[in-house]
Amino acid sequence: MTVPVSILWNEDQLTILNQQKLPHVIEYIHLDNIEAAFDAIVSLKVRGAPAIGITAAYGLAIGASQSSADNLEDFQQELHDQYIYLAGSRPTAVNLFWALERLMEKAETVKTVEEAKAILLSEAIAIHKEDEEHCRKIGEYALAVLGDYRNVMTICNAGSIATAKYGTALAPFHLGAEIGKEFHVYACETRPIFQGSRLTVWELQQSGVEVTLITDGMAAHTIQAKGVQAIITGADRIAANGDSANKIGTLGLAILAKAFKIPFFIAAPSSTFDLNFAEGTQIPIEERDEKEITHIGESRIAPQGTLVYNPAFDVTPNEYITGIITEKGIIYPDYQKNIHNTLGDQIGEEVSR
Ligand code: MRU
C-alpha cells in the first residue's frame, strides 16, 4: 500500500500525474515549458490548491531557465510577464499567487541572470519539500483531533495528489493506515467533475483506507444513517477571519455538521491563508464551463437552452468551522484573533491577484 504522489522533480525535469485520466489510466506527463505548466493547471491535469502552487512555481522556474535575456533588466521584465501569465491560470486557490510571489521576491535579491535562474529553481524545490512536511504535520494534528472517530466524511480531493504528499484533509487517513488506525471515510462524489469518486476513492484505496462513495445529495442521510462522527475538508483560500473557500458543496456539509452537532474541520497549510482578505465574501469564486453540468462526459443530459450556474467553489463562514488544522497547530475560534496569533509572521505579505 502506498500513498500516491502527483508531482516529481527528477533530473531537472517536472513530471506530473495526469489527474484528468484517473482512476482508469495512470499517466505521468512531463511539463517541459511554462505553457505546459499553464495548460496542466487550466485543464485540471494538476489540481488542488497546494499542487497548483507547486506546479506554478516550477513552471515559472522552467520558463525563466529558458530565457535568452542577457541582462538582468530584460530578464526581470520577461519574468514579470511569465508571472502574470501563470497567475491568470485559476482564480480561487491562493497558493498559486503565494508560490509565484515567493519566487518573484527571491528574483529581486540577485545580481545576475544566472543567479536568478538558480534561485528560482531552488525556491520552487523548497516550496515542494515544505509542502510535504507541512501536510505530514497537518495529518498528525488531524489524527490527534479525530481521536477515536471512525466514520468521517469528506468532499472533493484534498489528498496526497492535491499536494506534495499526504494531502490535508486526507492526511490523517493515510497516516492512520500507516499506524493501524482504521477509518471509514464517506467520500462525496463531488459534482460536477467528480474529484471525490475519481480521485479520493482511488487515492484512499491505494493506501488501504476503507472508503464508501456517496453522491453529494446523500450527505445528510448518510450522516444520520451511518453515524458519521466528523467532517473534514481542505480549503483553497482562508480569509483573515477564518471564512474558508473550498470545493462547491463544502458549505452544505458545514451546515449539516452544525445541524447534526458533529465537528466540521478544515485542514490547510498556512500557504492557503490570505490575510489580505478580511472576510470570505472577498474571495474570487471560479465559474466554469456549463458543459460540466449539462453533460456527463460527452453525453448531453440537460435540454438544449438550459440556463446554468456553475461555481467551482463556495465559502464556509467561520461560525460553521470547529477548527482549522494547519502545520502550525489547530486554530480554534476566535479565528480573527487566533489566526493572527498563529500566522502572525505572514501578516503584511502582499499577495497579488
Ligand atoms: O477544482 P479543484 O479540484 O482544484 O478544487 C480542489 C479543492 O477544492 C480542494 O479541496 C482544495 O484545493 C484543497 S487541496 C489540499
Side-chain angles (χ1 to χ4, degrees), residues 3-7 16-20 22 40-56 89-99 131-132 134-139 142 153-174 185 187-200 202-204 216 231-238 244-254 264-274 280 283-289 292 310-316 321 324-327:
V3 181
V5 171
S6 68
I7 304 173
I16 62 154
L17 176 61
N18 183 354
Q19 298 192 37
Q20 276 291 36
L22 286 173
I41 296 170
V42 169
S43 62
L44 309 185
K45 292 185 182 80
V46 60
R47 34 66 49 204
I52 291 170
I54 296 162
T55 305
S89 55
R90 288 191 78 188
T92 302
V94 74
N95 310 59
L96 169 74
F97 310 101
W98 169 87
D131 190 63
E132 178 173 339
H134 291 173
C135 286
R136 195 173 170 99
K137 284 195 181 133
I138 288 170
M153 186 172 282
T154 191
I155 190 167
C156 196
N157 172 270
S160 190
I161 59 172
T163 64
K165 197 176 174 185
Y166 300 110
T168 56
L170 300 191
F173 311 133
H174 290 302
V185 178
C188 296
E189 67 173 349
T190 318
R191 283 286 287 147
I193 53 170
F194 302 108
Q195 290 95 331
S197 48
R198 291 190 306 109
L199 308 178
T200 292
W202 173 80
E203 180 180 317
L204 292 178
D216 301 347
I231 299 175
I232 185 166
T233 77
D236 287 83
R237 196 184 296 231
I238 303 174
S244 299
N246 191 49
K247 180 53 57 193
I248 192 76
T250 303
L251 171 59
L253 292 187
F264 174 85
F265 294 106
I266 294 277
S270 51
S271 53
T272 302
F273 287 76
D274 184 351
I283 297 174
I285 300 294
E286 177 180 8
E287 286 186 35
R288 296 181 56 82
D289 193 332
E292 290 181 354
N310 184 18
F313 301 94
D314 56 30
V315 176
T316 299
I321 302 170
I324 304 176
I325 306 167
T326 77
E327 80 279 8

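All ligand and atom numbering here is 1-based and tracks the order in the structure.
Which parts of ligand 1 touch Phe313 is read off a 4.0 Å heavy-atom cut-off, strictly below it: atoms 1 (O), 5 (O), 8 (O). Taking every non-hydrogen atom of Arg90 and a distance limit under 4.0 Å, the qualifying atoms of ligand 1 come out as 1 (O), 2 (P), 4 (O). Within ligand 1, the atoms closer than 4.0 Å to a non-hydrogen atom of Ala49 are 12 (O), 14 (S), numbered from 1 in the order shown.
In this structure a side-chain-to-backbone donor-acceptor pair under 3.5 Å is missing from Arg198 to Glu189. For Asp314 (side chain) and Leu251 (main-chain N/O), a donor-acceptor pair under 3.5 Å exists by modelled atom type. A distance-only check finds no donor-acceptor pair linking the side chain of Arg90 to the backbone of Ile52 [under 3.5 Å].
Residue contact annotation: Ala235 has a non-hydrogen atom under 4.0 Å from ligand 1.
Only the side chain of Pro50 comes within 4.0 Å of ligand 1, counting heavy atoms alone; its backbone N, CA, C and O stay farther away. Contact annotation for Thr163 and ligand 1: only side-chain heavy atoms (C-beta onward) come within less than 4.0 Å of the ligand. Contacts of Cys156 with ligand 1, taken as heavy-atom pairs under 4.0 Å, involve the side chain alone.
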Derivation of the side-chain contact (heavy atoms from CB on, under 4.5 Å) call for Ile238 and Ile266: CA-CA 10 Å; Ile238 303 174; Ile266 294 277; 4.1 Å; yes

Could you go through Arg47 and Asn157, starting from their C-alpha distance and side-chain angles, then the distance that decides it, and tell me whether this counts as side-chain hydrogen bond (donor to acceptor under 3.5 Å, both in side chains)? CA-CA 9 Å; Arg47 34 66 49 204; Asn157 172 270; 3.0 Å; yes

side-chain contact (heavy atoms from CB on, under 4.5 Å) between Thr272 and Trp98, intermediate numbers included: CA-CA 8 Å; Thr272 302; Trp98 169 87; over 6 Å; no

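Look at Arg191 and Asp216 and you find no salt bridge, because none of the NZ, NE, NH1 or NH2 atoms lies under 4.0 Å from a carboxylate O.
Of the protein's heavy atoms, Asn246 OD1, 3.4 Å lies nearest to atom 9 (C) of ligand 1. The shortest contact between atom 15 (C) of ligand 1 and any protein heavy atom is with Thr168 OG1, 3.3 Å.
Below 3.5 Å of separation, one finds no N or O of Ile52 facing any N or O of ligand 1. Polar contact check, Gly159 against ligand 1: no nitrogen or oxygen pair lies under 3.5 Å apart. Checked against a 3.5 angstrom limit, the closest N/O atoms of Gln195 and ligand 1 fall inside it.
Counted by atom type alone, Ser270 and Glu327 present one or more donor-acceptor pairs between their side chains at under 3.5 Å.
Between the choices Ile161, Thr250, Thr200, Asp236, the shortest heavy-atom distance to atom 7 (C) of ligand 1 belongs to Asp236. Considering Arg288, Lys247, Glu286 only, the shortest heavy-atom separation from atom 5 (O) of ligand 1 involves Lys247.
Phe313 has its side chain out of reach of Ile283: every pair of non-hydrogen atoms, C-beta onward, lies at least 4.5 Å apart.
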